[in-house]
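Presented below is the structure to which this report refers.
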Amino acid sequence: MFRLFLIKYGEIGIKGKNRHVFEEALVRQIEHALKPVEGEFAVSQERGRIYVEALGDYDYEETVQALSRVFGIVAICPMWQVEEQGFEQLASDVLSYMKEVYPDSRKSFKVSSRRANKAFPMDSQEINAELGGRILEACPGMHVDVHHPDIMLYVEIRSKVNIYSMSIPGPGGMPVGTAGRAMLLLSGGIDSPVAGHMIAKRGVTIEATYFHAPPYTSERAKQKVVDLAKIVARYSGPIKLNIVNFTDIQLYIYDQCPHDELTIIMRRYMMRIAEHFAKEDKCLGLVTGESIGQVASQTMHSLAATNEVCTLPVYRPLIAFDKNDIIAISEKIDTYETSIQPYEDCCTIFVAKHPVTKPNLNVIRRSERHLEEKIDELVKTAIETTETILVEAE
């Protein structure tokens, strides 16, 4: 029934002289999202409109699902596009649309027309009234409701005529690739995949670093993180994932430092290593899934202590979210079931019984001096032996 989709965007429309940059980025993201979909498609632009056209047989549901994951899209509107040949032909096309899309329907409707082509002889109000009358005559079961209609029928008169009445929500946000690059500290938990999703929604291209601690963490824990990256990649595009062997660093910190400071000191070294890779790939910041007060390492004092080792900005999209809010997003983007699989990552293995919640920076720095004998060599080895893979959506 539908060979064409009108793609609506939001914030891009207010970008002024740079608007074309964002539109072109959105077109690229749409084309990338449609590559694995059954069928062949053409994506085109026309004065504030983006269209996706199926050029042959295609899978409608799969197409809509792929488009609904493209950041920057506010709505996906399956539509008919017909030639502009005067009002009588327009009325005929609209009636054909209503009868085919809503056969035997007893629904209320409202017509909303937009005359972008000012050469058309009738104005919008006249078109609305005339089309409404024709629909009432041809479809006896229907009635007009201008306040809360079941069917909102849109008719756009441009160089051609767009007719549509369905609007499938998109994810919103900005096209990935329009806001720079950032390094996500990705774990197997619930929070960090959501943080990655949210930062990508603002147009940021994400890379990721995961800290693996064999034999204390299993290969299945590592695969769990790869699986999470694959799910996030459905929205963000391919993710370069650095898998760092953190075992020797953790054991050394465990042996040399007070146990109530373990989490903070380990976190500080994770940030240092993640920042190394971030700078190497010209990222503009680090991204974490931290939320104030959720655990001991996420109090204001603890966050300040981990921030202190970074020269790049640290972005925390979830900073004021309740856990239930984060879980709700993880369920929506399909990461939740993977995140709760019982495979622990390195953060949960070396947890003190009574971790410090208000670390003093001077005390932490003093504890880290006990590491100076060999920590730099261990960090260097961890960086040099890092496994890097490109994770793509399945």
Side-chain angles (χ1 to χ4, degrees), residues 182-187 189 191-192 207-217 242-281 283-316 319 344-388:
M183 180 64 69
L184 170 68
L185 278 79
L186 181 64
S187 73
D191 303 335
S192 58
E207 298 186 5
T209 299
Y210 163 61
F211 294 91
H212 190 42
Y216 301 98
T217 54
N242 303 302
I243 302 171
V244 180
N245 188 328
F246 201 61
T247 308
D248 290 343
I249 295 173
Q250 280 190 295
L251 289 173
Y252 187 54
I253 294 171
Y254 188 84
D255 287 341
Q256 299 295 321
C257 297
H259 284 191
D260 63 341
E261 299 172 8
L262 287 177
T263 303
I264 295 298
I265 295 174
M266 288 178 187
R267 189 73 178 167
R268 280 162 64 91
Y269 276 95
M270 288 179 179
M271 300 293 268
R272 289 179 172 107
I273 292 170
E275 186 173 72
H276 167 85
F277 292 115
K279 288 180 175 179
E280 203 171 59
D281 290 340
C283 293
L284 299 176
L286 304 177
V287 180
T288 76
E290 292 160 317
S291 170
I292 291 175
Q294 190 175 124
V295 293
S297 64
Q298 296 178 22
T299 64
M300 292 285 280
H301 300 77
S302 297
L303 296 178
T306 54
N307 270 16
E308 196 250 353
V309 302
C310 301
T311 58
L312 289 177
V314 181
Y315 300 105
R316 296 180 170 94
I319 194 66
E344 303 289 5
D345 59 31
C346 63
C347 294
T348 58
I349 300 298
F350 297 89
V351 176
K353 289 184 179 179
H354 302 289
V356 62
T357 58
K358 295 182 179 180
N360 182 299
L361 263 176
N362 291 326
V363 174
I364 295 295
R365 291 193 198 105
R366 191 158 56 243
S367 296
E368 286 184 344
R369 291 195 194 106
H370 297 296
L371 305 172
E372 290 176 355
E373 183 179 342
K374 58 185 287 190
I375 192 69
D376 289 345
E377 188 62 34
L378 292 175
V379 169
K380 183 172 181 288
T381 300
I383 289 171
E384 290 175 349
T385 58
T386 292
E387 176 189 3
T388 300

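Quick note: numbers below take in every heavy atom, side chains included, and nothing from hydrogens, waters or symmetry partners.
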Grab the two heavy atoms, one from L284 and one from P313, that are nearest each other, plus how far apart they are. O-CD, 3.3 Å

Interatomic distance, R267 atom CZ to I253 atom CD1 [nearest 0.5 angstrom]: 12.5 Å

Just jot down the side chain to side chain donor-acceptor pair (under 3.5 Å) partners of K279, sequence neighbours excluded, or say none. T311

Suppose we screen for side-chain contact (heavy atoms from CB on, under 4.5 Å). Which residues come up paired with Q256, at least two apart in sequence or across chains? Y252, H370, L371

Is there side-chain contact between T288 and L184, with heavy atoms separated by less than 4.5 Å? no

side-chain hydrogen bond (donor to acceptor under 3.5 Å, both in side chains) contacts touching residues 292-303 (sequence neighbours left out): Q294-K323, T299-S302

Taking the side chain as C-beta and beyond, is there a heavy-atom pair between I264 and P359 under 4.5 Å? yes

Which pairs with one or both residues in residues 243-258 pass salt bridge (Lys or Arg N to Asp or Glu O under 4.0 Å), sequence neighbours excluded? none

Please confirm whether the backbone N or O of Y254 pairs with a side-chain atom of H259, one donor and one acceptor, at under 3.5 Å? yes

Going by the rule side-chain contact (heavy atoms from CB on, under 4.5 Å), which residues pair with A278 if we only count those two or more places apart in sequence or in a different chain? M183, C283, L286, L312

Regarding R268 and N307, is there a side-chain donor-to-acceptor distance under 3.5 Å anywhere? no

By side chain to side chain donor-acceptor pair (under 3.5 Å) - contacts of N360 (at least two apart): none

For residues M300 and I292, determine if any side-chain heavy atom of one lies less than 4.5 Å from a side-chain heavy atom of the other. yes

Stepwise, does the side-chain contact (heavy atoms from CB on, under 4.5 Å) test hold for L185 with M271? CA-CA 8 Å; L185 278 79; M271 300 293 268; 3.6 Å; yes

I want to check something: taking the side chain as every heavy atom from C-beta on, are E261 and M266 in contact at a cut-off of under 4.5 Å? no

Any side-chain heavy-atom pair from S367 and I265 closer than 4.5 angstrom? yes

Less than 4.5 Å apart, side chain to side chain, heavy atoms only: is that true for V244 and F277? yes

With E207, which residues qualify under salt bridge (Lys or Arg N to Asp or Glu O under 4.0 Å), at least two apart? R181

All side chain to side chain donor-acceptor pair (under 3.5 Å) counterparts of T306, not counting sequence neighbours: none

With rounding to the nearest 0.5 Å, note down the distance linking CZ in R316 to OG in S192. 13.0 Å

Side-chain donor-acceptor pair present, T386, N242, cut-off under 3.5 Å: no

Do the non-hydrogen side-chain atoms of D376 and K380 ever get within less than 4.5 Å of each other? no

Contact between I243 and F211 at the side-chain level, heavy atoms closer than 4.5 Å - yes or no? no

Steps toward side-chain contact (heavy atoms from CB on, under 4.5 Å) verdict (L378, Y269): CA-CA 11 Å; L378 292 175; Y269 276 95; over 6 Å; no

Scan residues 357-366 for pairs that pass salt bridge (Lys or Arg N to Asp or Glu O under 4.0 Å), counting only residues two or more places apart or in two chains. E308-R365

Set of side-chain contact (heavy atoms from CB on, under 4.5 Å) partners for T385, sequence neighbours left out: T381

Please identify each residue that fulfils salt bridge (Lys or Arg N to Asp or Glu O under 4.0 Å) with R369, with sequence neighbours left out. none

State which residues pass side chain to side chain donor-acceptor pair (under 3.5 Å) with N245; sequence neighbours excluded, sorted by chain then number. T247

OH-CD distance between Y210 and E387, expressed to the nearest 0.5 angstrom: 11.0 Å

